[in-house]
Number of protein chains: 2
Amino acid sequence: MSTSQPDAFGDHDHAVCRAATLQAALDRLAQSGARLTPVRKRTLEILLESHRAMGAYEVLGRLAADGFGRQPPVAYRALDFLVEQGLAHRVQRLNAFAACLHPDRDHAPAFLICRNCQRVAEADAGPAACALRQSAQGFHVERLTIEALGLCPPCAAQDA
Amino acid sequence: MSTSQPDAFGDHDHAVCRAATLQAALDRLAQSGARLTPVRKRTLEILLESHRAMGAYEVLGRLAADGFGRQPPVAYRALDFLVEQGLAHRVQRLNAFAACLHPDRDHAPAFLICRNCQRVAEADAGPAACALRQSAQGFHVERLTIEALGLCPPCAAQDA
DNA sequence: TTGGCAGCGTTACAATATCACATGAGCACT
DNA sequence: AGTGCTCATGTGATATTGTAACGCTGCCAA
């Protein structure tokens with residue numbers, strides 16, 4: 001599914017999208033040996049329900065409603081775990097988290113955030129990262145954050 | 001001074017650097033017609049004292065010590081103003097603000113954040129932005145955030 | 001069986017950011 | 001000078017986001 005992953009902005013059967021992404025995530029975890037406990041799994045499912053990024057407290061509310069703990073560390077720990085495992089990403093610009101859309105492979109994602117429909121997609125940051133290293137003149141880049149705010153194709157069309 | 005601006009990571013006469021950058025900022029404001037009130041000017045000076053990014057509350061503390069208001073909006077308003085005018089930037093990764101090092105010209109900055117000495121420099125994000133637009137496949141980018149965390153050349157040398 | 005440890009939950013708190021409202025300074029027009 | 005306007009400032013209150021610290025439990029290996 002990797003390269004044919006439906007784009008988050010396009011129309012697609014999200015039930016399938018979600019299930020496929022979840023399965024890829026499970027596979028990845030099985031390999032790494034990390035434990036997908038109930039809170040963690042539920043957290044991932046919550047993130048996968050939409051292509052929006054969710055705040056930690058929004059996730060926490062959902063978890064609490066499902067009978068899990070209702071204190072911030074519960075959500076933060078689960079989210080941090082998912083991020084560490086590469087199953088979710090943190091979107092700095094929104095102080096929020098989004099499920100990874102390509103958990104089946106390592107990648108350097110750039111985020112595309114639609115300011116109208118709030119959806120978030122991932123683009124390949126590789127070329128941009130290369131370009132940046134050129135400009136960076138000797139700076140040793142360890143982690144790179146690239147986030148674009150704008151309009152997704154459907155919203156742009158509707159806007160015009 | 002534009003292209004010969006001393007790099008924030010290198011040794012340089014910061015008094016000169018600061019004065020030159022401040023002057024460029026003043027020139028820019030004079031053109032735009034915006035008002036550089038005392039709080040705003042002081043805020044800019046505070047940011048210019050170092051090449052670190054400062055949190056809003058750190059700035060607020062300094063402002064309060066100088067006799068300005070001591071409530072958060074005082075700092076946020078001044079900082080927002082500077083950002084709007086292009087005289088400062090917000091560093092998302094740090095939830096902090098840094099003076100713009102090149103206020104004399106419009107630019108799309110990428111930030112280079114040294115995790116050791118905490119200094120922040122700006123690199124040209126132009127090429128990376130172009131590369132990203134290629135990857136973004138029809139997404140209409142309005143604002144682009146590029147932030148690299150790593151080691152600046154001096155710190156990397158010392159580390160090895 | 002017992003010691004260690006990861007995971008979870010809780011309390012408490014720290015750090016960051018915004019809202020809403022009142023005051024005051026400067027300016028244009030009369 | 002007086003009036004009304006706009007912008008900037010200051011304040012209190014509150015919202016949002018994020019951590020530290022501690023205890024309990026269940027699991028597992030020695």
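- Sorted by first and then second residue, the ring pair (Phe, Tyr, Trp, His ring centres under 6.0 Å) pairs with a member in residues 113-134 of chain B form an empty list; sequence neighbours excluded.
- Annotation: salt bridge (charged side-chain N to carboxylate O under 4.0 Å, His left out) contacts of B/D27 (sequence neighbours excluded): none.
- Checking the phosphate oxygens (OP1, OP2) of C/dT10, no side-chain nitrogen or oxygen of A/R70 falls inside 4.0 Å.
- Here ring pair (Phe, Tyr, Trp, His ring centres under 6.0 Å) pairs that include residues 16-35 of chain A, with residues two or more places apart or in two chains, number zero.
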Sugar-phosphate means primed atoms, P, OP1 and OP2; the rest is base. With that split, encode nucleotides 12-26 of chain C 5' to 3' as B, S or - using protein heavy atoms under 4.0 Å.
----BBBB-------
Throw together a table of side-chain donor-acceptor distances under 3.5 angstrom for residues 126-141 of chain A, partners on residues two or more places apart or in other chains.
unit_1, atom_1, unit_2, atom_2, d
A/S135, OG, A/A131, O, 3.3
A/S135, OG, B/D124, O, 3.1

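- Applying the under-4.5 Å side-chain rule to Ile, Leu, Val, Met, Phe, Trp and Tyr, the cluster around B/L151 consists of that residue alone.
- Residue pairs meeting the ring pair (Phe, Tyr, Trp, His ring centres under 6.0 Å) criterion with at least one member in residues 19-45 of chain B, sequence neighbours excluded, do not occur.
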List the atom pairs, with distances to 0.1 Å, where a side-chain N or O of residues 71-92 of chain B and a protein N or O form a donor-acceptor pair under 3.5 Å, not counting sequence neighbours.
unit_1, atom_1, unit_2, atom_2, d
B/Q85, OE1, B/S32, OG, 3.3
B/H89, NE2, B/H107, NE2, 3.3
B/H89, NE2, B/E122, OE2, 3.4

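- Rounded to 10°, the angle separating the first-five-pair axis and the last-five-pair axis of the helix from C/dT1-D/dA30 to C/dT30-D/dA1 equals 20°.
- For the pair B/H51 (side chain) and B/A98 (backbone), a donor-acceptor distance under 3.5 Å is absent.
- A/R115 meets the side-chain hydrogen bond (donor to acceptor under 3.5 Å, both in side chains) test with B/E142; sequence neighbours excluded.
- On the nucleic acid side, DNA chain D has its first and last nucleotide under 4.0 Å of a heavy atom of chain A at D/dT17 to D/dA20, going 5' to 3'.
- Listed by chain and residue number, nothing satisfies the side-chain hydrogen bond (donor to acceptor under 3.5 Å, both in side chains) test with B/Q158 (two or more places apart in sequence, or in another chain).
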